[in-house]
Amino acid sequence: MSKPGGPSYEATIHVRDHCMCLHVQRAARALARRFDDALKPVGLTNQQFSLLMSLNRPQPPRMKEVALLLALDRTTLTANLKPLERRGLVVVAPDAEDRRGRRLALTDHGRALLADALPHWVRTEQEIERDISNPDSMRADLRALAAHP
């Protein structure tokens, strides 16, 4: 029961119907479930796939670069790396240029698993893009929103 003087029920309905944050969160959860289902046959979650893909570079990236790309704090990134390290998909090593920093690299097993996962991702991405009127515009809008913390 709401307290007298609190927001009206109409305000609640307005927020429900117009809140960008709510709609983006709901969409993100639905997309995450779809990609989790698609990647299940190769034993990855969508978050693990994104993390592995972010490491697929000519040179092993620094941990802070990956954290920035994935919008994760360092502690969360470290926690997400642990199971991938245990599975032998990723190696975390000291940065030769800055011993306080860490570099992240895919192992051969990690590259092979990523290659197996990619067709599942491509198929699901194509299915989702068919449901969106202008996927490139949507991506641009989401990037713009992400650039303003």
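All residue numbers refer to positions in the sequence shown, counting from 1.
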Legend entry - Residues in side chain to side chain contact (heavy atoms under 4.5 Å, CB included) contact with P60, at least two apart in sequence or another chain: R103, A105
Are [X] and [Y] packed together at the side-chain level, in the sense that at least one heavy-atom pair is separated by less than 4.5 angstrom?
X   : Y    : answer
V15 : L22  : no
I13 : D17  : yes
L55 : R111 : no

Legend entry - Under the side-chain hydrogen bond (donor to acceptor under 3.5 Å, both in side chains) test, residues paired with R100 that sit two or more places apart: D98
Could you check whether atom [atom1] of [X] has more than 12 heavy atoms from other residues, nucleotides or ligands sitting under 6.0 Å from it?
X    : atom1 : answer
R57  : CZ    : yes
D108 : CG    : no
Q47  : CD    : no

Which pair of heavy atoms, one from [X] and one from [Y], lies closest together, and at what distance?
X   : Y   : answer
T75 : D73 : N-OD1, 3.1 Å
L70 : S50 : CD2-O, 4.1 Å
P83 : N80 : CD-O, 3.5 Å

Inset, instruction - Start with the C-alpha gap between L142 and M138, add the side-chain angles, then the distance that decides, and say whether side-chain contact (heavy atoms from CB on, under 4.5 Å) holds. - result: CA-CA 6 Å; L142 292 171; M138 182 175 177; 4.1 Å; yes
[Y]/[X] salt bridge by N-O under 4.0 Å criterion:
X    : Y    : value
R139 : D136 : yes
R34  : D131 : yes
R62  : D95  : yes

Check: [Y] main-chain N/O paired with [X] side-chain donor or acceptor under 3.5 Å:
X    : Y   : answer
T107 : L89 : yes
H23  : R16 : yes
D36  : N46 : yes
H18  : H14 : yes
Q48  : T45 : yes

Distance from [X] atom [atom1] to [Y] atom [atom2], nearest 0.5 Å?
X    : Y    : atom1 : atom2 : answer
T124 : E129 : OG1   : CD    : 11.5 Å
H120 : L39  : NE2   : CG    : 7.5 Å
L69  : M53  : CG    : CE    : 11.5 Å
Q126 : R130 : CD    : CZ    : 6.5 Å
E125 : L31  : CD    : CG    : 8.5 Å

Hydrophobic cluster membership, with links at side-chain heavy-atom distances under 4.5 Å among I/L/V/M/F/W/Y: are [X] and [Y] in one?
X    : Y    : result
V91  : L52  : no
F35  : I132 : yes
L104 : L68  : no

Inset, instruction - Please step through side-chain contact (heavy atoms from CB on, under 4.5 Å) for the pair L51 and S54, ending with a clear verdict. - result: CA-CA 5 Å; L51 177 48; S54 75; 3.9 Å; yes
Inset, instruction - Apply the test side-chain contact (heavy atoms from CB on, under 4.5 Å) to residues F49 and V42: give CA-CA distance (whole Å), side-chain angles for both, the deciding distance (0.1 Å), then the verdict. - result: CA-CA 10 Å; F49 174 83; V42 294; over 6 Å; no
Legend entry - Candidate pair M20 and Q25, rule side-chain contact (heavy atoms from CB on, under 4.5 Å), full reasoning: CA-CA 8 Å; M20 290 291 183; Q25 287 172 338; over 6 Å; no
